[in-house]
Visitor: 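Have a look at this one before I ask anything.
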Amino acid sequence: MSHIHRFPLPSPDDFDAQQTLDCGQAFRFQLQEDGSYAGVAGSHPCRIWQEGAAVVVECSCNEDDCAPFWRRYLDLGRDYGALKLILRQDPVMEKAVSFCPGMRLLRQDEWETLCSFILSQNNNIKRIKGIIATLCKEFGQKLHGGQYAFPAPRDLAGRTLGELGVLRAGFRAKYLLDAAQKVASGELELRALYSVPLGEAKERLMTIHGVGPKVADCVLLYGFGKVECIPKDVWIKRALAILYPGGFPAALEAVGGLAQQYLFHYCRTCPQALEEPRALAGAGI
DNA sequence: CCCCAGGTTCTGG
DNA sequence: CCAGAACATGGG
């Protein structure tokens with residue numbers, strides 16, 4: 001059984017599957033020969049692509065109507081046209097947004113986001129994807145289409161470090177285990193983080209061994225939809241230092257996480273992004 | 001052999 | 001409090 005969902009957007013610029021699903025915020029989508037992306041969102045195996053000014057989702061779930069899930073997952077309630085207009089008033093963001101205007105923030109499962117970014121530390125995206133694929137295949141429930149669900153906290157909490165060895169996750173395995181045990185036991189209740197102040201939520205996440213400020217910000221941004229969180233990874237630190245020597249514009253801080261994602265993808269994908277200011281300076285200003 | 005990768009923890013001042 | 005090293009693993 002498979003449903004096709006078609007979500008119209010104001011502009012064809014408001015969604016691009018590659019820019020959204022392969023920009024380092026989600027790790028479970030793979031480019032297909034037809035240009036669509038196949039993967040798992042939450043517990044939904046799916047394919048996602050764009051057709052003109054619409055996002056199209058094919059999913060094989062047995063829910064009567066999973067459209068609300070997709071609206072939330074794809075952040076369809078947010079007016080990206082208006083937001084991009086605001087961001088583009090800043091000359092640096094103008095370039096970043098122009099580079100990937102179809103990028104959107106995904107609202108992913110909180111637990112999966114936590115694990116994903118624990119595994120991301122001091123690691124590269126290619127290998128992060130591999131570890132997560134193995135994690136799902138080894139410990140997750142089997143779904144339609146040869147896909148696997150992301151393992152629940154309970155699925156991992158009782159495992160030993162030896163059992164997690166198949167992941168080849170290195171020192172991150174013990175962090176994953178600590179997260180699973182704290183969440184499965186109720187010591188850390190993820191849903192409860194919605195009802196406490198942001199700083200408190202971040203501190204609670206950081207009680208997990210292996211979760212520092214950057215990973216916590218990623219979880220809050222990609223899992224809890226807190227767009228004011230700005231994960232400071234090596235790329236963003238470089239970008240801020242070079243492109244915003246005078247500091248990040250205060251007017252954009254309220255949507256700093258979104259700006260961060262455009263910048264991250266721009267700087268990581270386009271090598272000249274961080275070189276141009278040097279060239280200008282060299283030209284004598 | 002080196003260095004690096006969407007960091008965090010540990011250690012020595 | 002703060003700078004460096006250590007941490008597992010795979011790729012260049």
Side-chain angles (χ1 to χ4, degrees), chain A residues 18-29 39 96 99-100 103-135 137-138 150 156 159-182 188 202-244 248 256-271 273-274:
Chain A
Q18 178 181 6
Q19 291 167 16
T20 299
L21 301 169
D22 199 16
C23 69
Q25 60 175 327
F27 301 98
R28 299 197 62 194
F29 286 92
F99 182 74
C100 48
M103 195 210 73
R104 303 179 75 87
L105 282 177
L106 295 171
R107 183 73 171 275
Q108 302 177 70
D109 176 78
E110 298 89 343
W111 163 246
E112 176 175 338
T113 308
L114 172 59
C115 294
S116 297
F117 284 91
I118 282 175
L119 294 169
S120 79
Q121 65 185 85
N122 199 49
N123 207 346
N124 61 71
I125 290 180
K126 165 93 172 154
R127 206 162 78 91
I128 298 166
K129 287 180 177 175
I131 293 171
I132 290 175
T134 307
L135 176 65
K137 181 153 187 153
E138 292 291 329
F150 196 90
L156 298 178
R159 305 289 178 168
T160 64
L161 275 181
E163 289 178 290
L164 294 186
V166 291
L167 301 179
R168 312 300 294 157
F171 62 89
R172 307 168 193 84
K174 58 180 179 291
Y175 299 157
L176 197 61
L177 201 52
D178 188 54
Q181 289 168 351
K182 283 195 165 75
L188 176 64
K202 186 168 173 176
E203 295 229 338
R204 288 201 202 176
L205 286 169
M206 287 169 57
T207 61
I208 296 169
H209 196 47
V211 175
K214 189 271 178 180
V215 169
D217 277 335
C218 285
V219 176
L220 291 169
L221 176 62
Y222 305 121
F224 287 80
K226 305 294 184 184
V227 285
E228 61 269 47
C229 289
I230 306 179
K232 305 236 178 21
D233 64 282
V234 286
W235 289 97
I236 290 302
K237 284 176 183 169
R238 271 177 233 161
L240 290 180
I242 295 173
L243 302 175
Y244 293 104
F248 188 69
L258 183 61
Q260 173 270 158
Q261 193 57 29
Y262 287 114
L263 267 182
F264 174 79
H265 191 236
Y266 175 50
C267 294
R268 206 177 72 87
T269 312
C270 179
L274 296 174

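Residue numbering restarts at 1 for every chain, and letters A, B, ... go by the order of the sequence lines. Worth knowing before you read on, the calculation uses all heavy atoms, side chains too, and leaves out hydrogens, waters and symmetry mates.
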Visitor: Indicate the atoms forming the closest heavy-atom contact of A:K232 with A:K237, along with that distance.
Guide: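 Smallest interatomic distance, heavy atoms only, reads O-CE, 3.3 Å.
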Visitor: Using the side-chain contact (heavy atoms from CB on, under 4.5 Å) criterion, which residues pair with A:V166? Sequence neighbours excluded.
Guide: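 Here the qualifying residues are A:E138, A:F139.
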Visitor: Show me, pair by pair, the donor-acceptor contacts under 3.5 angstrom made by side chains of residues 209-227 of chain A, not counting sequence neighbours?
Guide:
| unit_1 | atom_1 | unit_2 | atom_2 | d |
| --- | --- | --- | --- | --- |
| A:D217 | OD1 | A:K202 | NZ | 3.3 |
| A:D217 | OD2 | A:K202 | NZ | 3.2 |
| A:Y222 | OH | A:Q261 | OE1 | 2.5 |

Visitor: Among all residues two or more places apart in sequence or in another chain, which pass the salt bridge (Lys or Arg N to Asp or Glu O under 4.0 Å) test with A:E163?
Guide: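 Here the qualifying residues are A:R159.
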Visitor: Pull out every residue in residues 204-220 of chain A that has a heavy atom closer than 4.0 Å to any atom of DNA chain B, ordered by number, or say none.
Guide: A:I208, A:H209, A:G210, A:V211, A:G212, A:P213, A:K214, A:V215
Visitor: Once side-chain contact (heavy atoms from CB on, under 4.5 Å) is applied, do any residues pair with A:R107, and if so which ones, sequence neighbours excluded?
Guide: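 Counting only residues at least two positions away or on another chain, A:R107 forms a side-chain contact (heavy atoms from CB on, under 4.5 Å) with A:R72, A:Y194.
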Visitor: Starting from Watson-Crick (N1-N3 plus N6-O4 or O6-N4) and G-U wobble pairs under 3.5 Å, report the runs of at least three that DNA chain B belongs to.
Guide: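 Result, WC/G-U stems under 3.5 Å: B:2-5 with C:9-12, B:7-13 with C:1-7.
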Visitor: Which value, in whole Å, describes the distance between the P atoms of nucleotides B:dG6 and C:dC2?
Guide: 27 Å
Visitor: Going 5' to 3' on DNA chain B, which nucleotide is the first and which the last to come under 4.0 Å of a heavy atom in chain A?
Guide: B:dA5 to B:dC10
Visitor: Considering all heavy atoms of both residues, which atom of A:C100 and which atom of A:Y262 are nearest to each other, and what is their separation?
Guide: O-CE2, 3.4 Å
Visitor: Treat primed atoms plus P, OP1 and OP2 as sugar-phosphate and everything else as base, then score nucleotides 5-12 of chain C 5' to 3': B for base contact with protein heavy atoms under 4.0 Å, S for sugar-phosphate contact only, - for none.
Guide: --BBBS--
Visitor: Could you check A:D109, A:T113, A:I132 and say which one makes a side-chain contact (heavy atoms from CB on, under 4.5 Å) with A:F150?
Guide: A:I132
Visitor: For a side chain to side chain contact (heavy atoms under 4.5 Å, CB included) check, start with the C-alpha distance between A:F117 and A:L205, then their side-chain angles and the critical distance, and finish with the verdict.
Guide: CA-CA 12 Å; A:F117 284 91; A:L205 286 169; over 6 Å; no
Visitor: As a quick check of understanding, evaluate side chain to side chain contact (heavy atoms under 4.5 Å, CB included) for A:L119 and A:L167, giving each step before the final call.
Guide: CA-CA 10 Å; A:L119 294 169; A:L167 301 179; 5.7 Å; no
Visitor: Can you name the salt bridge (Lys or Arg N to Asp or Glu O under 4.0 Å) partners of A:D178, sequence neighbours left out?
Guide: A:K182
Visitor: Counting only heavy atoms and a strict 4.0 angstrom limit, can you tell me which residues of residues 106-120 of chain A come near DNA chain C?
Guide: none
Visitor: What heavy-atom pair brings A:C267 and A:L274 nearest, and what distance separates the two atoms?
Guide: SG-CD2, 3.7 Å
Visitor: Do A:Q121 and A:F171 have side-chain heavy atoms sitting under 4.5 Å apart?
Guide: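 They are in side-chain contact.
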Visitor: Throw together a table of side-chain donor-acceptor distances under 3.5 angstrom for residues 124-131 of chain A, partners on residues two or more places apart or in other chains.
Guide:
| unit_1 | atom_1 | unit_2 | atom_2 | d |
| --- | --- | --- | --- | --- |
| A:N124 | OD1 | A:K126 | N | 3.4 |
| A:N124 | OD1 | A:R127 | N | 3.0 |
| A:R127 | NE | A:N123 | OD1 | 3.2 |
| A:R127 | NH1 | A:R168 | O | 3.2 |
| A:K129 | NZ | A:D22 | OD1 | 2.9 |

Visitor: A:R204: which residues meet the salt bridge (Lys or Arg N to Asp or Glu O under 4.0 Å) condition with it, sequence neighbours left out?
Guide: A:E200
Visitor: Determine the Euclidean distance between corresponding P atoms of C:dA8 and B:dT11; express it in Å to zero decimal places.
Guide: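 One P to the other, the span is 13 Å.
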Visitor: Looking at every non-hydrogen atom in both residues, tell me the closest pair between A:N122 and A:R172 and how far apart they are.
Guide: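 Minimum heavy-atom separation between A:N122 and A:R172: O-NH2, 2.8 Å.
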